[in-house]
Every structure is written in C-alpha cells, then in structure tokens.
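Report on one structure; see the data block that follows.
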Amino acid sequence: MELEEMAKELFRYTTAFQRGPRRKMNEISQGEMAMLLYLIQTDEATTPTALSNCFHLSTARVTNILNGLECKGYVERTRDEKDRRRVIVRGTEAGRDYAAARYRDAIEDLTHLLTALGEEDAREYLRLMKRISTMLEEEGVTPCPFLQAASPTPEG
C-alpha cells in the first residue's frame, strides 16, 4: 500500500475515532470543550485575550465560545475590580462537574476500546501514539494545554 493511500486510510479512521468517544458530548462543541477543560484544569482566572493567545483563535471566536459556555452556566465573566475595562473568565462548579463527567465518559469509552483490542494491541497502539506525539512536538506542534494534566476532575 502506498504511503498516500495509508495516509487517507489513517485520516478516515482518525475521523471515526474522534467521533466515537465524543458521542456523549453532543451538547457542547469541540471548541467549547477544549476551552472549558483549559479553564477547569488551570483553575485560575484568565482573560479572553489570554485565551485567544493560548488557543491561537481570534478574539471574536473566543467571545463566541465563551458566550456558549456562559449560556450553559459552565463559565462566568466578571469585571476586574482593579481595572473595570478588563474581563475575567472563570470556570463554574457546573462547568467543573460537566467536564469531569464527560472526561469519565470518554475514559470509559476508551477503556472499552482498549479492552476489545486486547492488552498486546492496546500497548502497541499506545506506544505508537506516544511516538507520533513526540514526533509532532519535535516539529513544533504543541499539545493542547489542558492535556498536560491528568484529568479535569475537581480532585485533579
């Protein structure tokens, strides 16, 4: 099989894989989930501009994501007491609970998939994913900030 055909096949499988574990996250977009996880993981007040820089998104896109999260009750925006022009963003308890529940769902789904693969294939799959991740980092592709921590659960 040619490498280009292999790449097409990998793309097809990767796309299907991304839809599988995310199936329980229908009520929240991928961008919203990424930003929510970041806010929950860092557990620090931040600004829309900082989020824009962190995620390499326009401030307009960050505003849209935050609007969606705020409507769902997962984040809150307040004015900085020292500089009233500055907006501060924080995850809420509801956001923390939601992120923790979706994380548990995803881990459950992935555990099921790895169990179906069998221990040997699961270990080989993980070894290859680590290798690919390392290669991407060496090329300057940085992992999502929220993936650095173990889990989005309140207890860490």
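Position 1 is the first residue of the sequence; numbering continues from there.
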For N67, the side chain to side chain donor-acceptor pair (under 3.5 Å) test, sequence neighbours excluded, returns R77
Measuring only between side-chain heavy atoms, which start at C-beta, is L66 closer than 4.5 Å to V89? yes
Taking side chain as C-beta onward, heavy atoms only, is L51 less than 4.5 Å from T46? yes
SB check R85 D83 (cutoff 4.0 Å): yes
Is T115 close to T111 at the side-chain level, that is, under 4.5 Å between some pair of heavy atoms? yes
Please answer: with hydrophobic residues joined when any side-chain heavy atoms are less than 4.5 Å apart, are Y125 and L110 in the same cluster? yes
Value for CD1 (I132) from CZ (R127), rounded to nearest 0.5 Å, stands at 9.5 Å
Out of curiosity, does I88 fall in the hydrophobic cluster containing L69 (side-chain heavy atoms, cut-off under 4.5 Å, transitive links)? no
Hey, does the side chain of T59 reach the backbone of T49 with a donor-acceptor pair shorter than 3.5 angstrom? no
Run the salt bridge (charged side-chain N to carboxylate O under 4.0 Å, His left out) test against E119 and tell me which residues pass, sequence neighbours left out. R123
With rounding to the nearest 0.5 angstrom, report the CG to CG distance, L128 to D121. 10.5 Å
Indicate, with yes or no, if L113 and M129 share a hydrophobic cluster defined by side-chain heavy-atom contacts under 4.5 Å among Ile, Leu, Val, Met, Phe, Trp and Tyr. yes
Test your reading of the model: is there a side-chain donor-acceptor pair from S52 to the backbone of P48, 3.5 Å cut-off? no
If you look at every heavy atom in G73 and A94, which pair is closest and at what distance? O-CB, 3.6 Å
Is the side chain of E32 donor-acceptor paired with the backbone N or O of S29 at a distance under 3.5 Å, no angle test? yes
In terms of relative ring orientation, are Y98 and Y74 parallel, tilted or perpendicular, with 30° and 60° separating the classes? parallel
When rounded to the nearest 0.5 angstrom, what is the spacing between CG in L36 and CZ in R96? 9.0 Å
Measure the spacing between OG1 of T47 and CG of D80 and express it to the nearest 0.5 Å. 10.0 Å
R79 to R84 - nearest heavy-atom pair and separation: CD-O, 2.8 Å
If you define the side chain from C-beta out and look only at heavy atoms, does anything of V75 sit under 4.5 Å from M35? no
Look up atom OG1 in T92 and atom CD in E76, then write down how far apart they are to the nearest 0.5 Å. 7.0 Å
Salt bridge (charged side-chain N to carboxylate O under 4.0 Å, His left out) evaluation trace for E4 with K8: CA-CA 6 Å; E4 185 174 336; K8 289 176 183 177; 3.7 Å; yes
With a 4.5 Å limit on heavy-atom distance, are the side chains of H112 and D109 in contact? no
Can you tell me how far apart CD1 (I40) and CZ (R90) are? Round to the nearest 0.5 Å. 12.0 Å
